[in-house]
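A quick write-up on the structure given underneath.
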Amino acid sequence: MDPYQLSVLRELGDHGSVAATARALGVSPSAVSQSLAALQRKFKAPLTQKRGRSVELTDAGQALAVAAIAVSEAITRAEATVDEFVGGIDRTVRVSAFHSAAMTFFPELAALEHTEGFPVVECVDEDVDRVSFPALTASYDIVIGHRMSHTPPWPRDRLAVLSLLREPMDVAMHSSHDLAMKRTLKPSDLVGTTWISTHAGFSPADMLDAVAAAAGYPMRVVHRINDFSTAAAMVSECGHLALLPRHTVRIPASQDVVLRPIEGVQTVRHVDMLVRPERVVHRAVAVVIDALRGIAQSHVQTPSVRSAHAQESTR
């Protein structure tokens, strides 16, 4: 079997259409179709099937796509073995991250480029909904994605999932808010409050739904803002609340915003590195992975915001 044909099948499984697969591979749709047709001729069982305008893998196609990952990993591992003889970091490592993670990791990561023995890094911000993070691994060596504890796990049959942070999401409010007197909050404390949340499909909008379910009362969202820094600035100027990450959002002291944890509901987001298995073996990629872990650890050890765990009530 042709490894390239296997890679085309794998990309089709990740992207769901011939056109999207062609864009990911940088080829024409007809080239994708020809590769799939050539691969299909080697098997009696159908590998793909149409569903509306999409093309999806059959059970046989999915099994072959998983096998394709192992093939690609073996080839890359062989290449990496040879690369070790010449240092192994002579390549650009592409890293994507959602906005708040980009603000946390990219400046320090870019600064490391001037360190001897550190590879060239290209940083790109990609603010997508949770289900779209895995597909980004077609274009990037390392994808920093996030999901909430109550959402489905990442597809570990296709990806290496490497943890960066287990980050609590706290309730942000102005220090003069009535709830700021409490060191911790219960969902029932939030009944009747108004919120700044993210767009539907982006966290923590789904987490706020979980808080509302635990409170037995809907939370009224008055603004939809995906950028946490903007949300924090708005919280500082009004009586609205927001769910903000504890470690990865820098809130200026001048904004007078405090964070309070919630009891009785799971409010942790998982910030993970998603990497295709064959890319983990590259020494350059491994060096960047280690650097990202070090940056993450430094943010956990040095609190980035004033939380109920770090200070007494401001009132």
Side-chain angles (χ1 to χ4, degrees), residues 98 100-101 104 129-131 133 145-154 161 163-229 231-232 234-236 238-251 255-272 296 299-301 303-315:
F98 56 96
S100 60
T104 299
D129 58 11
R130 175 181 52 80
V131 298
F133 282 114
H146 65 91
R147 68 173 186 84
M148 300 306 173
S149 293
H150 62 280
T151 57
W154 305 115
V161 180
S163 177
L164 269 179
L165 290 171
R166 294 293 179 264
E167 183 172 33
M169 300 289 288
D170 297 325
V171 179
M173 66 196 74
H174 193 272
S175 63
S176 64
H177 196 285
D178 290 343
L179 292 177
M181 297 180 66
K182 296 177 175 288
R183 290 186 61 82
T184 61
L185 301 174
K186 298 177 181 178
S188 58
D189 295 328
L190 303 172
V191 172
T193 54
T194 53
W195 289 81
I196 299 168
S197 188
T198 54
H199 293 273
F202 291 79
S203 296
D206 50 0
M207 182 178 288
L208 187 58
D209 291 338
V211 172
Y217 193 89
M219 300 294 155
R220 182 182 167 215
V221 177
V222 294
H223 300 293
R224 296 283 182 182
I225 306 293
N226 272 16
D227 180 71
F228 287 136
S229 295
M234 293 178 70
V235 165
S236 73
C238 63
H240 305 314
L241 308 180
L243 286 171
L244 295 182
R246 185 178 298 172
H247 301 302
T248 56
V249 173
R250 298 284 175 178
I251 302 177
Q255 291 182 355
D256 208 10
V257 171
V258 296
L259 299 183
R260 298 292 181 257
I262 308 175
E263 295 179 341
V265 63
Q266 184 67 263
T267 57
V268 174
R269 76 169 179 174
H270 299 246
V271 180
D272 299 315
H299 279 266
V300 172
Q301 293 173 345
S304 60
V305 290
R306 293 162 297 166
S307 71
H309 297 301
Q311 65 169 35
E312 294 295 329
S313 172
T314 58
R315 297 187 63 186

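Not measured: the values here are computed from a predicted model.
Between A200 and R224, the shortest heavy-atom contact is N-NH1, 4.5 Å. When all heavy atoms are compared, the tightest approach of A231 to I225 is N-CG2, 4.0 Å. Across all non-hydrogen atoms, the minimal contact from H223 to V221 is O-CG1, 3.3 Å. Residue A172 comes nearest to V257 through the heavy atom pair CB-CG1, 4.0 Å, listed as atom of the first residue, atom of the second, then distance. Contact record, I196 with C238: CD1-SG, 4.4 Å, taken as the closest heavy-atom pair. In terms of heavy-atom proximity, A212 sits nearest to P218 at CB-CA, 4.1 Å.
How far NE2 of H240 is from OG1 of T193: 10.5 Å, rounded to the nearest 0.5 Å. Considering OG1 of T267 and CG of D170, their distance stands at 6.5 Å, rounded to 0.5 Å. With rounding to the nearest 0.5 angstrom, the CG atom of D209 is 10.0 Å from the CE atom of M219. Remark: M207 CE to T198 OG1 distance equals 10.0 Å, nearest 0.5 Å. The line from CG of L190 to CZ of R260 is 13.0 Å long, rounded to the nearest 0.5 Å. Distance check, rounded to the nearest 0.5 Å: CE of M148 to NE2 of H270 gives 9.5 Å.
L243 places none of its side-chain heavy atoms less than 4.5 Å from the side chain of S197. E167 is not listed as a side-chain neighbour of S100, based on a closest heavy-atom distance of 4.5 Å or more. Using a 4.5 Å cut-off on side-chain heavy atoms (C-beta onward), N226 and F98 make no contact. Residues R183 and P261 fail the side-chain proximity criterion, which asks for heavy atoms closer than 4.5 Å. Contact of the P245 side chain with the R269 side chain is registered, since non-hydrogen atoms from C-beta on lie closer than 4.5 Å.
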Step by step, work out the side chain to side chain contact (heavy atoms under 4.5 Å, CB included) result for F228 and T248.
-> CA-CA 10 Å; F228 287 136; T248 56; 5.9 Å; no
Report the C-alpha distance between L179 and L185 in whole Å, list the side-chain angles of each, state the deciding distance to 0.1 Å, and finish with yes or no for side chain to side chain contact (heavy atoms under 4.5 Å, CB included).
-> CA-CA 8 Å; L179 292 177; L185 301 174; 4.1 Å; yes
Derivation and outcome, side chain to side chain contact (heavy atoms under 4.5 Å, CB included), residues L244 and I251 | CA-CA 10 Å; L244 295 182; I251 302 177; 4.0 Å; yes
Take L241 and H177, measure what side chain to side chain contact (heavy atoms under 4.5 Å, CB included) needs, and give me the verdict at the end.
-> CA-CA 9 Å; L241 308 180; H177 196 285; 3.7 Å; yes
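A salt bridge links R166 with D272: the distance from a Lys NZ or Arg NE/NH1/NH2 to an Asp or Glu carboxylate oxygen falls below 4.0 Å.
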